[in-house]
Participant: 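Following this message is one structure expressed as structure tokens.
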Amino acid sequence: MKEIHGSYYIPVFFETNSYSAEKLVGGILFFAEKQVLFRYAENKIKASVQIGNLGSAQMLRQTMKTLAEKVKTQKELFNPAYLEYVRRYSNGLIQFGEPNQILLSVEDFEEFAIKFLGEKNNLSQLVYQKLSTIKNLEKQASIKTNIEISPNNQYKVVLKTHTQSFVLQTLSLENSFETARKNFIQYANIIKKYPTIEFALITQNAQSEYQKQILQNFEKEVPQCKVLYLTELVDFVRNKVQKSI
């Protein structure tokens, strides 16, 4: 394998036709900061089965789950020599590509991987994954974190510290106009009921006129609520954590 310094990724392919060597990118291995991360796309598993008529997707899915487990429990296995070996000799259904250098942090991997694999962007999932990554990184760095992630809590509270309680709500502007409008109004009403609690909102950048109007109405109704975008989440959470230590 060619020598690469810094972070890099390796695509994982699903071969859909052994005669033409046709294949889809179904997974991605990422190496950075002495960490190994992996993600695979369920939609690519289904597409591979449909395109290649391979029968059940269960075998492909189980192989991806096994690989994901190995990445977590046997990180040392994924060294350059092993990766070069599997790249050269994985000529079956699962194949590994060449390493590609990339300027990407561990915290931004999930967002990049979703785009790389062509998955539908799920804002709530991205937020939860970023929060989980932050918590894991602080644990590895022996920083005593006070973050508590509770995605199924009432009102979708996903983040707390012990010194101050605050609610971090994820609301998508990409829903239909009526759904988005109702969700933002409901959250604004909740905020008004609890003046002693600090609230924040994670959403997308408004694109259409109706999205801009919904966001403007929300900020007018509850100006005390901090509106954040995904790119601001890491700094926001870390500042909260530092203040609570």
Side-chain angles (χ1 to χ4, degrees), residues 1-137 140 151 230:
M1 187 173 76
K2 60 183 179 182
E3 186 176 358
I4 291 184
H5 300 285
S7 57
Y8 63 95
Y9 70 89
I10 293 176
V12 180
F13 299 103
F14 301 157
E15 186 176 79
T16 58
N17 189 317
S18 59
Y19 290 96
S20 65
E22 182 182 54
K23 52 193 176 184
L24 293 176
V25 178
I28 179 173
L29 281 162
F30 177 64
F31 302 81
E33 302 170 17
K34 297 183 179 180
Q35 294 197 65
V36 184
L37 301 175
F38 174 66
R39 183 182 181 89
Y40 68 91
E42 175 65 27
N43 63 320
K44 291 296 183 70
I45 291 177
K46 294 177 180 177
S48 296
V49 172
Q50 186 175 14
I51 294 172
N53 194 26
L54 301 173
S56 173
Q58 185 60 34
M59 181 181 69
L60 191 54
R61 187 177 296 111
Q62 187 56 52
T63 302
M64 290 296 97
K65 288 181 178 180
T66 300
L67 179 57
E69 184 62 27
K70 282 187 176 181
V71 167
K72 287 182 179 179
T73 61
Q74 302 178 50
K75 183 175 65 175
E76 67 283 355
L77 178 65
F78 295 85
N79 55 66
Y82 173 73
L83 291 168
E84 175 63 14
Y85 173 81
V86 296
R87 186 189 70 81
R88 286 179 177 272
Y89 299 106
S90 58
N91 297 318
L93 180 60
I94 309 297
Q95 298 179 19
F96 294 79
E98 289 272 6
N100 299 274
Q101 192 164 16
I102 185 172
L103 186 61
L104 185 73
S105 69
V106 170
E107 293 152 356
D108 293 326
F109 166 70
E110 289 293 341
E111 187 175 1
F112 171 79
I114 287 172
K115 294 177 181 177
F116 182 81
L117 297 172
E119 296 179 277
K120 186 177 180 180
N121 207 345
N122 186 314
L123 182 62
S124 296
Q125 185 180 31
L126 282 175
V127 169
Y128 182 71
Q129 288 167 342
K130 273 187 175 287
L131 291 173
S132 299
T133 300
I134 294 168
K135 187 170 183 177
N136 290 336
L137 287 175
Q140 292 169 12
L230 196 60

Participant: Look up atom NZ in K75 and atom NZ in K34, then write down how far apart they are to the nearest 0.5 Å.
Facilitator: 9.0 Å

Participant: Quick one: list whatever passes side-chain contact (heavy atoms from CB on, under 4.5 Å) with Y85, sequence neighbours left out.
Facilitator: Y89

Participant: For residues 61-69, which side-chain N or O atoms pair as donor and acceptor with protein atoms under 3.5 Å away, sequence neighbours left out?
Facilitator:
{"residue": "R61", "atom": "NE", "partner": "E42", "partner atom": "OE1", "Å": "3.0"}
{"residue": "R61", "atom": "NE", "partner": "E42", "partner atom": "OE2", "Å": "3.2"}
{"residue": "R61", "atom": "NH2", "partner": "E42", "partner atom": "OE2", "Å": "2.6"}
{"residue": "T63", "atom": "OG1", "partner": "M59", "partner atom": "O", "Å": "2.9"}
{"residue": "T66", "atom": "OG1", "partner": "Q62", "partner atom": "O", "Å": "2.9"}

Participant: Going by heavy atoms in the side chains, are P99 and I10 under 4.5 Å from each other?
Facilitator: yes

Participant: Judged by atom type as modelled, is there a donor-acceptor pair below 3.5 Å linking the side chain of D108 to the main-chain atoms of V106?
Facilitator: no

Participant: side-chain contact (heavy atoms from CB on, under 4.5 Å) with Q74: which residues, sequence neighbours excluded?
Facilitator: K70, E76, L77

Participant: Side chains of I114 and R39, heavy atoms from C-beta outward: is any pair under 4.5 Å?
Facilitator: yes

Participant: If you take all heavy atoms of F116 and P11, which pair is closest and at what distance?
Facilitator: CZ-CB, 4.1 Å

Participant: If I take atom CG from residue L60 and atom OH from residue Y40, how far apart are they, to the nearest 0.5 angstrom?
Facilitator: 9.5 Å

Participant: Can you find a heavy atom in the side chain of Q95 that is under 4.5 Å from one in the side chain of R87?
Facilitator: no

Participant: How far does NZ of K23 sit from OG of S48, to the nearest 0.5 angstrom?
Facilitator: 12.0 Å

Participant: Check side-chain hydrogen bond (donor to acceptor under 3.5 Å, both in side chains) between N43 and all other residues, then give those that pass, not counting sequence neighbours.
Facilitator: none

Participant: Are F14 and K44 packed together at the side-chain level, in the sense that at least one heavy-atom pair is separated by less than 4.5 angstrom?
Facilitator: yes

Participant: Could you state the interatomic distance from OG (S105) to CD (Q35), rounded to the nearest 0.5 Å?
Facilitator: 10.5 Å

Participant: Given side-chain contact (heavy atoms from CB on, under 4.5 Å), test E22 with I51 step by step and report yes or no.
Facilitator: CA-CA 10 Å; E22 182 182 54; I51 294 172; 3.9 Å; yes

Participant: Quick check for you: to the nearest 0.5 Å, what is the distance between Q58 atom CD and I45 atom CD1?
Facilitator: 9.0 Å

Participant: So, using ring pair (Phe, Tyr, Trp, His ring centres under 6.0 Å) as the criterion, who are the partners of F31 when residues are at least two apart?
Facilitator: Y8

Participant: Please give me the minimum heavy-atom distance between F96 and I94, naming the atom from each residue.
Facilitator: CE1-CG2, 4.3 Å

Participant: Could you tell me which residues satisfy side-chain contact (heavy atoms from CB on, under 4.5 Å) with I102, sequence neighbours excluded, listed by chain and number?
Facilitator: S7, Y9, F30, L104, F112

Participant: Look up atom CZ in F78 and atom CG in L29, then write down how far apart they are to the nearest 0.5 Å.
Facilitator: 6.0 Å

Participant: Is there a side-chain contact between V25 and V12, using heavy atoms and a 4.5 Å cut-off?
Facilitator: no

